[in-house]
Amino acid sequence: MDFTFRNETTTEELYAIAKAAYKGSPWSKQTFANDLKSKFARYMIIEADGEPIGFVGGTHLGEELEITNVAIVPGVQGQHLGERLLRQWLVGFDAGTRILLEVRQGNKRAIKLYERLGFIIYNIREDYYRDPKEDAYLMDVTLPLVAE
């Protein structure tokens with residue numbers, strides 16, 4: 001497969017990818033639409049042979065970037081595309097930028113990915129998630145990322 005990356009996207013595209021990746025998007029179309037209107041929102045799409053298969057999004061304020069979503073469609077999950085996407089996206093931010101995110105305690109695959117990139121758990125929000133009830137791990141790293 002030939003992978004490409006782009007920053008331009010639409011509400012419909014983000015919602016469709018999130019809906020497939022999460023088996024029901026955690027964000028509504030309106031939430032994505034509102035986010036795309038923000039001057040602080042940053043997104044990147046990964047495509048395979050011209051078809052969108054995933055995205056990463058976040059809010060960039062000064063020297064901090066909060067990752068709000070990382071989604072890869074089910075048919076290509078487990079191929080380290082999330083890591084490729086994150087590495088590609090994060091090179092666009094200055095060294096010294098602090099990257100923050102939260103992840104479900106039970107999402108072991110995502111936690112391993114973030115740890116490979118150099119993220120560490122700096123706090124826990126108890127019972128933060130619902131359906132099922134789970135803690136949220138708060139993780140961060142300061143750019144540049146650890147080498148591949």
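Computation of the quantities below employed the complete heavy-atom set of this structure, encompassing side-chain atoms and omitting hydrogens, waters and symmetry-equivalent molecules. Along the sequence shown, residues carry numbers from 1.
- Considering Leu85, Ile45, Asn69 as possible partners of Val56, the one that fulfils the side chain to side chain contact (heavy atoms under 4.5 Å, CB included) test is Leu85.
- Using modelled atom types, no side-chain atom of His80 and backbone atom of Gly82 make a donor-acceptor pair closer than 3.5 Å.
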> Do Tyr129 and Asp135 pass the side-chain hydrogen bond (donor to acceptor under 3.5 Å, both in side chains) test, and can you show the C-alpha distance, the side-chain angles, and the key distance before you say yes or no?
Replying inline: CA-CA 6 Å; Tyr129 289 104; Asp135 293 345; over 6 Å; no
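- Between the CG atom in Leu36 and the CZ atom in Arg42 there is a gap of 11.5 Å [rounded to 0.5 Å].
- For the side chain to side chain contact (heavy atoms under 4.5 Å, CB included) test with Phe119, the passing option among Leu113, Val141, Val146, Leu86 is Val141; the others fail.
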> Do Arg87 and Leu145 pass the side chain to side chain contact (heavy atoms under 4.5 Å, CB included) test, and can you show the C-alpha distance, the side-chain angles, and the key distance before you say yes or no?
Replying inline: CA-CA 8 Å; Arg87 286 186 183 280; Leu145 295 178; 4.1 Å; yes
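- Lys19 NZ to Glu12 CD: the interatomic distance, rounded to the nearest 0.5 Å, is 12.5 Å.
- In this structure, Leu81 and Ile53 have side chains that are in contact, with non-hydrogen atoms separated by less than 4.5 Å.
- Side-chain atoms of Thr68 come within 3.5 Å of backbone N or O of Gly57 as a donor-acceptor pair.
- In this structure, CG on Leu143 lies 5.5 Å from CG on Leu90, to the nearest 0.5 angstrom.
- Formation of a donor-acceptor pair under 3.5 Å by the Ser28 side chain with backbone atoms of Thr31 is found in this model.
- Atom CD1 of Ile72 sits about 11.5 Å away from atom CD of Glu83, to the nearest 0.5 Å.
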> Going through the distances and angles, do Glu47 and Asp2 end up as a side chain to side chain contact (heavy atoms under 4.5 Å, CB included)?
Replying inline: CA-CA 8 Å; Glu47 295 179 327; Asp2 182 34; over 6 Å; no
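- Under a cut-off of 6.0 angstrom, the local environment of CD in Gln79 is crowded, with over 12 non-hydrogen atoms contributed by other residues, nucleotides or ligands.
- Rounding to the nearest 0.5 angstrom, the gap separating the CG atom in Asn7 from the OH atom in Tyr43 is 12.5 Å.
- Residues Ala18 and Ala71 come closest through the heavy atom pair CA-CB, 4.4 Å.
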Return a table of donor-acceptor pairs under 3.5 angstrom between the side chains of residues 98-112 and protein atoms on other chains or two or more places apart.
from	atom 1	to	atom 2	distance (Å)
Arg98	NE	Asp140	OD2	2.8
Arg98	NH2	Asp140	OD2	2.9
Glu102	OE1	Arg125	NH1	2.7
Glu102	OE2	Tyr128	OH	3.2
Arg104	NH1	Pro132	O	3.0
Arg104	NH1	Glu134	OE1	2.9
Arg104	NH2	Arg130	O	2.9
Asn107	OD1	Ala110	N	3.2
Lys108	NZ	Gln105	O	3.1

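- Within the model, atoms CD of Gln88 and CD1 of Ile46 stand 8.5 Å from one another, a figure rounded to the nearest 0.5 Å.
- The shortest non-hydrogen separation linking Ala48 to Met1 is CB-SD, 3.5 Å.
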>> If you apply the rule side chain to side chain contact (heavy atoms under 4.5 Å, CB included), what do you find for Glu66 with His60, and how did you get there?
In response: CA-CA 7 Å; Glu66 179 185 2; His60 185 220; over 6 Å; no
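- Counting heavy atoms from C-beta on, the side chains of Val73 and Val76 come closer than 4.5 Å.
- Among pairs with a residue in residues 2-31, those fulfilling ring-ring contact (aromatic ring centres under 6.0 Å, His included) read Trp27-Phe32, at least two apart in sequence or across chains.
- Nearest heavy atom pair, residue Ile121 against residue Met139, reads CG1-CG, 3.9 Å.
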>> side chain to side chain contact (heavy atoms under 4.5 Å, CB included) for Thr59 and Leu65? Distances and angles first, verdict last.
In response: CA-CA 6 Å; Thr59 303; Leu65 170 67; 5.8 Å; no
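- Proximity of Thr142 to Thr97: side-chain heavy atoms (C-beta onward) are nowhere separated by under 4.5 Å.
- Counting all heavy atoms, side chain and backbone alike, Ala20 lies closest to Pro74 at O-CG, 3.3 Å.
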